[in-house]
Amino acid sequence: ITTQENVATFKRQIKMLGLSYDWSREINTTDPNYYRWTQWIFLKIYNAWYDPQLHKARPISELLIPSGLIGREKYEFIQKHRLAYLSEMPVNWCAELGTVLANEEVGEWVEKGYTVERRMMKQWMLRITAYAERLEKDLNDVDWPPGIIEMQKNWIGRSEGVEAYFPLCDSKSKISVFTTRSDTMFGATYLVLAPEHPLVDLVTTSEYRIVVDEYRSQSKRKSELERTSLDKEKTGVFTGGYAINPATKKSIPIWIADYVLLTYGTGAIMAVPGHDERDYDFAKKFSLPIVEVVSGGNISQAAFLEDGVGVNSANDEISLDGLPTSEAKKKMTKWLEFKQVGKHSVKYKLRDWLFSRQRYWGEPFPLIYLEDGTVKALPEDKLPVLLPDVESYKPSGSGESVLATIDSWVNTVDPETGKPARRETHTMPQWAGSCWYYLRYLDPSNKTEFLSREKERYWMPIDLYMGGAEHAVLHLLYARFWHKVLYDLGYVSTIEPFRKLVNQGTILGEDGQKMSKSRGNVVNPDDVIKEYGADSMRLFEMFMGPLEDTKPWSTRGVEGVHRFLNRVWRMIVNEDGSLHESIKDMPLTGDQERLLHQTIKKVTHDVESLDFNTAISQMMIFVNEFLNLETKPRKAMETFVLLLSPFAPHIAEELWGKLGYPRTLAYEPWPQYDELKTAVDTLEMVIQVNGKVRSKLAVPFDIDDEELKKIVFADENIKRHLNGKQILKIVIVKNKLISLVVK
RNA sequence: GCUGAAGUGGCGAAACUGGCAGACGCGCUGGACUCAAAAUCCAGUCCGGCUCACCCCGGGUGUGGGUUCAACUCCCAUCUUCAGCACCA
């Protein structure tokens, strides 16, 4: 109900502004006719696996299952390979609220006195990490702002290194660590595990158990941001356990510390305090040994040298002595692989996508649980799985969605066997619907397919995707991921969905703050349109500044463009509403023709490059020039109205009518300019002496250099500044300036 | 903290590839019109200096350096602000 009300308001406002959307393509992600296809795409993802050999997703039916596997083992094997899978994941759990919180919400509730802790919860995950390499590589072929590409690449965070195994002293197990600096392994003097690391229990000795457990429960209460901040004091405790450094063969202590995250790498690191700042700080604080292995480093600065000049480290089997870092890394990696204590590895910062929510709203998963606890996907003909009507959509408090409390909805049957089954009660995040809406626009009312192949071929890819900069990483990555899965499975034909991307900036309140109800600085378009009209509102939004900039609203500014539109009106229309008597069928003067063609050129180019603010400036210059003329060439007025029409369509249509055209201007061709007619025949040349502007002279266009010098040296001002000094150099920039260097 | 972006008059901004800093608009000042006001029109408006009328001179694009005949633009350092940081979407 609330969504429908919001949609109605947005539509009314969009129509009021005269934005020319094709409403026959309207979609709504909360409409079952839409979200049945969101569920359908989920099924495609669920019923697919990633083939690392072919580097693409394939239907799960094409997964080669080891011959020995049957029954439950076979099921587990398949589940493990799906692109959607269940996993225990840490979430911010607030018991009083009975719900999971976003990182950004945690601080707010803790301040109010609620307790929030990290708790493991079974969640649906999407295997976006399988696509990490392609998501990064394919960014090279899109026309996006370089900053956004950079952010995405850093988010994906590819790093190359080794995974090395440190055997435990008191057990057969070993700890895997990931490092990009295998050459420093001789300097690894201790290991650090994330507090949630599964091996913590095993390595912790009885005498340290209490301290370790205490530390683990403390770190549960910290957010990830708090844990990894470099400016915060590092904390950690010893577990009592030891492991063997495969390079030095020495036993080294195992610690846990919350600056190590379970979600990155292997959740464990080898600490090299001689060459890493964080390790150095940590070792200093807890008096752990520090060994310098890369010469040229400076321990007091804890320099992590990328280009160390040589390595002093050796054991009986391998020596890295004297090798530069890059060589040392290669040699070390080979040795680790040969000894089977490590392997070359590429890790990404990117994590799999936690895709389930415990909320009422959101698309239900088209999945059921059978009596034996196994998961089963519903067949496509059972879609959509509708949300039930509820009295209240407050969380159940148990951590489950409110859906879990509705027995009539939860209890169902396996459509194949007729046996009892329970529905998945988690729902999808709001991202799901927005991951593919651009595809549905192409074929919004298709009842049998999510998108017809023909229409997909005709329209895709998207020429220009405009959205807020806040989507730089998440939405744009999620949508690209879904698109690539659909591509692999043969449902779309392009590897990337969005060819060109532009981020429009946020319009702030008049006080320069983000608009919000609580601040009371929200500008309602309804009020603005009522006061100044839709054209003024549109025009001002475009005139405020560059499209991509964040900039504050200004009511004065709207008045400014409103005045401009009034001037445009008075330029063409008399007070009694008739066509202005100054408008005549007459040729343009040379100056008028130049200004007209310059204006056509500027507006045309600026529209193409989305520089609307400067296009409007040029139109203002045009009007300032023509407004009060005794006689105005009709041709100039008509052309101007056409240029103005995309910016202020309502007034432009009215003026077009006043100019005697009974039909809309919408189908008129866009004005063309003649480059020759934009040119001036004389221009102002700037004359600099020692880098300072000393004079300006009117000279003919494309004046000859010798001719120019003659005029310049004759200039009184210049003569005074030269004053018999020696001329060392003369720089001439054609049709711009001449620069004299004197001594 | 990490990643990315941005800092230019009183304000929003412009300046295309290194070539006159401040176009255009707002605001402000003065004037015209009016009994008066609104609206509109005209003139002025980066800061400072002068024999501040015309000229002319000095300084100026967050800060400190550098490259260059010439720097808002390029390089190094630094400060500040904004966006994102995976359950706001």
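Computed from a prediction, not measured in an experiment: that's the story for all the values here. Order of the sequence lines sets the chain letters (A, B, ...), proteins ahead of strands, with each chain counted from 1.
Dashed line: the shortest gap from a side-chain N or O of A/K729 to OP1 or OP2 of B/C69 is under 4.0 Å. Put simply, A/R357 has a side-chain N or O that comes within less than 4.0 Å of OP1 or OP2 on B/C87. OP1 or OP2 of B/A39 has not a single side-chain nitrogen or oxygen of A/R570 nearer than 4.0 Å. The phosphate of B/G84 (OP1 or OP2) has no side-chain N or O of A/N154 nearer than 4.0 angstrom. For the pair A/K692 and B/G59, the criterion of a side-chain N or O lying under 4.0 Å from OP1 or OP2 is met. Under 4.0 angstrom from either OP1 or OP2 of B/A39 there lies no side-chain N or O belonging to A/R563. Within the structure, every side-chain polar atom (N or O) of A/N103 is placed at least 4.0 Å from both OP1 and OP2 of B/C85. For the pair A/R694 and B/C57, the criterion of a side-chain N or O lying under 4.0 Å from OP1 or OP2 is met. Contact check, A/N624 against B/G25: a side-chain N or O comes under 4.0 Å of OP1 or OP2.
As judged by a 4.0 angstrom heavy-atom cut-off over every strand, A/T614 is placed among residues touching the sugar-phosphate backbone only. A/I148 comes within 4.0 angstrom of nothing in the nucleic acid, heavy atoms only. The residue A/L697 sits apart from the nucleic acid: no heavy atom pair falls under 4.0 Å. Residue contacts for A/L474: at a heavy-atom cut-off of 4.0 Å it reaches a base atom on one of the strands shown. Nucleic acid contact for A/T506: none, since no nucleic acid atom lies under 4.0 Å from a heavy atom of the residue. The residue A/L350 sits close to a base: some heavy atom pair falls under 4.0 Å. Within the nucleic acid shown, A/D549 has no heavy atom closer than 4.0 Å to any nucleic acid atom. Looking at heavy-atom distances under 4.0 Å, A/E548 makes no contact with the nucleic acid at all. The residue A/K153 sits apart from the nucleic acid: no heavy atom pair falls under 4.0 Å. Within 4.0 Å of A/V741, counting heavy atoms only, lie sugar-phosphate atoms of the nucleic acid but no base atom. A/Q430 comes within 4.0 angstrom of the backbone, heavy atoms only, and of no base. Residue-level contact check: A/L737 touches the bases, meaning some heavy atom is under 4.0 Å from a base atom. Counting any heavy atom pair closer than 4.0 Å across all strands shown, A/N566 reaches no nucleic acid atom.
Residue-to-nucleotide contacts include no donor-acceptor pair under 3.5 Å from the side chain of A/E105 to the base of B/C87. Within 3.5 Å, a donor on the side chain of A/K696 pairs with an acceptor on the base of B/C20, or the reverse.
Classified by interplanar angle (parallel below 30°, tilted 30° to 60°, perpendicular above 60°), the ring pair A/F178/A/Y264 is perpendicular.
Each of B/G12, B/C69, B/A21 was ranked by its minimum atom distance to the side chain of A/V693; first place goes to B/A21. Checking B/A13, B/G4, B/C41 against every side-chain atom of A/P546, the shortest atom distance belongs to B/A13. With B/G12, B/G84, B/C41 as the candidates, the nucleotide lying closest to the side chain of A/V473 is B/G84. For A/V731, counting side-chain heavy atoms from C-beta on, the closest listed nucleotide (B/C69, B/G25, B/C87) is B/C69. Nearest nucleotide to the A/K736 side chain, out of B/A86, B/C41, B/G19: B/G19. Taking only side-chain atoms of A/R567, from C-beta outward, the nucleotide of B/C20, B/C41, B/G84 with the closest atom is B/C41. For A/W353, the listed nucleotide lying nearest its side chain is B/C87; candidates were B/G19, B/A13, B/C87. Looking at the side chain of A/Q123, the nearest of the listed nucleotides B/C87, B/G19, B/G59 is B/C87. Checked against B/A14, B/C41, B/A89, the side chain of A/E470 finds its nearest nucleotide in B/A89. Nearest to the side chain of A/V100, among B/A86, B/C24, B/C87, sits B/C87.
Defined by atom type and a distance below 3.5 Å, a donor-acceptor pair is missing between the side-chain atoms of A/E96 and A/W109. Of the N and O atoms on the side chains of A/W436 and A/T38, at least one donor lies less than 3.5 Å from an acceptor on the other residue. Between the side chains of A/E630 and A/S582, no donor-acceptor pair is found at a separation under 3.5 Å. Counted by atom type alone, A/E541 and A/Q504 present zero donor-acceptor pairs between their side chains at under 3.5 Å.
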*Start with the C-alpha distance between A/E510 and A/T555, add both sets of side-chain angles, then the distance that settles side chain to side chain donor-acceptor pair (under 3.5 Å), and finish with yes or no.*
CA-CA 8 Å; A/E510 201 137 19; A/T555 301; 3.1 Å; yes

*Run the side chain to side chain donor-acceptor pair (under 3.5 Å) check on A/Q618 and A/T599 step by step: do they pass?*
CA-CA 6 Å; A/Q618 182 64 36; A/T599 304; 3.2 Å; yes

*Checking side chain to side chain contact (heavy atoms under 4.5 Å, CB included) for the pair A/K484/A/R134: CA distance, chi angles, key distance, verdict?*
CA-CA 9 Å; A/K484 285 181 185 303; A/R134 285 165 60 187; 4.1 Å; yes

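Heavy-atom nearest nucleotides on RNA chain B were determined for A/L740 and for A/M121, and the one closer to the 5' end corresponds to A/L740. Nearest-nucleotide positions on RNA chain B place A/P552 closer to the 5' end than the other of A/Q618 and A/P552.
Applying the 90° criterion around 0 to the glycosidic angle, B/G9 comes out syn.
Separation of the C1' atoms belonging to B/U73 and B/U68 is 13 Å when rounded to the nearest angstrom. Spacing between B/U17 and B/C75 at atom P, rounded to whole Å, works out to 15 Å. Taking the P atoms as reference points, B/G59 lies 30 Å from B/A6, given to the whole Å. Taking atom C1' on both nucleotides, B/C26 is separated from B/C33 by 24 Å, rounded to a whole Å.
Side-chain contact between A/L596 and A/F622: present, with at least one pair of heavy atoms (C-beta onward) separated by less than 4.5 Å.
When each of A/R118, A/R119, A/M120 is tested with A/W93 by the rule side chain to side chain contact (heavy atoms under 4.5 Å, CB included), just one qualifies, namely A/R119.
No side-chain donor-acceptor contact under 3.5 Å links A/K551 to the backbone of A/M544.
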*For RNA chain B, just give me the dot-bracket, please: Watson-Crick or G-U, both distances below 3.5 Å, ( ) intra-strand, [ ] crossing earlier pairs, | paired with another strand, . unpaired.*
(((((((..(((......[....)))((((((.......))))))((((......))))..(((((..]....))))))))))))....

